[in-house]
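As structure tokens, the structure follows; a few thoughts come after it.
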Amino acid sequence: MQVKKAIIPAAGLGTRFLPATKAMPKEMLPIVDKPTIQYIVEEAIASGIEDIIIVTGKGKRAIEDHFDHAFELEDTLTKKGKFDILDSVLKTSNVEIHYIRQKQPLGLGHAIWSARKFIGDEPFAVLLGDDIVENGEPCLAQLINQYNQTAKSIIGVQKVSDEETQRYGIIDPKLESGKLMEVNDLVEKPSRGMSPSNYAIMGRYILNPEIFNFLGEHKLGTGGEIQLTDAIQQLNKHQSVYAYEFEGKRFDVGEKFGFIETTIEFALKRPELREKLLDFLKKKITEEELERSLLSNKLK
Ligand code: G1P
């Protein structure tokens, strides 16, 4: 069966970005001039997804407005001949986007479970909004390609350093041979020194619908939340789950430093900003170095 539906959970409170997220969803924070969630939706479309369900919560209306047609704006841009801007506004209009509210903030697993009626009995994709992946062949398309060959649930992974393993769901591969690995076990945010490997789950999944049997048990895991990783661990006991080490650079826009890094990297890719930004960064570094050497001379 083909993977045509995707779930994007977007119900999180965005506390790491307060006060910006007090009245605005964190998914609407822009990287240069595009909301983070639009990068995710564009990846899904480029991977052949036809229906997207966004799981929202309180205060997330701006996401619905963003993906809606804005007739006045489109009309004005057409009349003014601003077709490139119009293109950027219309980029996500050829996909069906649906919305559902997560009634209680019970965790990622619960958010996915909330969308079960929309998915029905089909394999589906999950894309987490905190992870933007840049690659010629979209990350999700790589996973779908693997799914088409195996019909097994596939988790997108990349290697992280020992210190970083505590921030992610980590898989324990049966054999580390090649990019596609059968999963032996999974653990959500292992404690320091307890990680079974360095393969971290990077916010992209293809899941068989049987996952809903385990999400429906509503078992609380790490952080007192219903964890998707725990449900996949259960699923793995009944049907084998695979991990795929995908190609591409992954950006973490879910925390401040990662957000700033991503903004700089993406701005440097824009021809109209690149030179100006490089000049600015060089100037900043020179100023900082000067200040540091003055300070260390004073201390001598
Ligand atoms: C979630 C998942 C975790 C995954 C991570 C990737 O955690 O639970 O398994 O590794 O996303 O970004 P969160 O970062 O939402 O706490």
Side-chain angles (χ1 to χ4, degrees), residues 6-17 21 25-27 29 31 36-37 39-40 43 54-57 60 102 105-115 125-134 139-140 143 153-173 181 183 185-192 194-207 211 214-215 218-236 241-246 248-259 261-262:
I7 304 176
I8 302 179
L13 296 175
T15 37
R16 285 185 192 151
F17 288 94
T21 48
K26 73 165 178 176
E27 294 78 9
L29 292 175
I31 300 291
T36 56
I37 195 164
Y39 289 92
I40 309 295
E43 180 186 329
I54 301 183
V55 184
T56 66
K60 302 280 184 169
Q102 185 183 11
L106 296 177
L108 175 60
H110 182 258
I112 304 301
W113 184 77
S114 308
V126 173
L127 300 99
L128 303 188
D130 284 349
D131 305 287
I132 294 180
V133 184
E134 270 240 312
C139 173
L140 192 69
L143 301 191
S153 298
I154 313 268
I155 312 169
V157 295
Q158 277 195 338
K159 277 192 171 164
V160 295
S161 67
D162 289 345
E163 299 73 53
E164 287 175 309
T165 52
Q166 299 167 76
R167 290 175 37 201
Y168 297 95
I170 303 286
I171 64 134
D172 174 18
M181 298 165 270
V183 171
D185 203 2
L186 306 94
V187 42
E188 180 66 14
K189 306 201 175 80
S191 335
R192 184 173 278 272
M194 299 300 282
S195 188
S197 82
N198 290 68
Y199 288 109
I201 301 173
M202 290 305 189
R204 298 290 184 277
Y205 313 75
I206 307 294
L207 296 169
I211 189 73
F214 306 103
L215 287 171
H218 290 185
K219 277 196 190 133
L220 301 184
T222 308
E225 295 189 342
I226 299 168
Q227 295 291 351
L228 179 58
T229 305
D230 296 345
I232 301 175
Q233 187 199 35
Q234 290 301 110
L235 177 70
N236 193 35
V241 169
Y242 282 73
Y244 184 72
E245 189 182 7
F246 61 83
K249 182 158 186 198
R250 177 248 178 193
F251 296 89
D252 181 359
V253 296
E255 51 97 23
K256 268 177 225 163
F257 187 73
F259 190 90
E261 263 184 317
T262 315

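Read the numbers this way: they start at 1 and go in the same order the structure lists the ligands and their atoms.
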[X] neighbourhood, listing ligand 1 atoms whose heavy-atom distance to it stays under 4.0 Å:
| X | result |
| --- | --- |
| G169 | 3 (C), 4 (C), 9 (O), 10 (O) |
| D131 | 6 (C), 12 (O) |
| K189 | 7 (O), 13 (P), 16 (O) |
| T229 | 9 (O) |

Please state which part of [X] comes within less than 4.0 Å of ligand 1, counting heavy atoms only: side chain, backbone, both or neither.
| X | value |
| --- | --- |
| D130 | neither |
| L228 | neither |
| L128 | side chain |

Task: Side-chain heavy atoms of I201 within contact of Y168, under 4.5 Å - done: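 Not in contact.
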- [ ] Evaluate the side-chain proximity of K219 to D230: yes if any heavy-atom separation is below 4.5 Å, no if none is.
- [x]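 No; the side chains remain at least 4.5 Å from each other.
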What pair of heavy atoms forms the shortest contact from [X] to [Y], and how long is it?
| X | Y | value |
| --- | --- | --- |
| V253 | G129 | CG2-O, 3.6 Å |
| Y39 | I31 | OH-O, 3.0 Å |
| D131 | G203 | OD2-CA, 3.5 Å |

Open item on the list: Within the supplied structure, the quantity of interest is the number of heavy atoms (other residues, nucleotides, ligands) at a distance under 6.0 Å from R167 CZ; does it exceed 12?
Closed with: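 Yes.
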Task: Side-chain H-bond candidate by donor/acceptor type, T222 with E188, under 3.5 Å - done: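 No, E188 and T222 have no side-chain donor paired with an acceptor closer than 3.5 Å.
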TODO: Quick one: look up the protein heavy atom nearest atom 10 (O) of ligand 1 and list residue, atom name and how far away it is.
DONE: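 Ranked first by proximity to atom 10 (O) of ligand 1 is I201 O, 2.6 Å.
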Open item on the list: Checking a contact table here: which protein heavy atom is nearest atom 8 (O) of ligand 1, and how many Å away?
Closed with: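 Sorting protein heavy atoms by distance from atom 8 (O) of ligand 1 puts E188 OE2, 2.7 Å first.
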Open item on the list: Within the protein, is there a heavy atom lying under 4.0 Å from atom 16 (O) of ligand 1?
Closed with: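 Within 4.0 Å of atom 16 (O) of ligand 1, protein heavy atoms are found.
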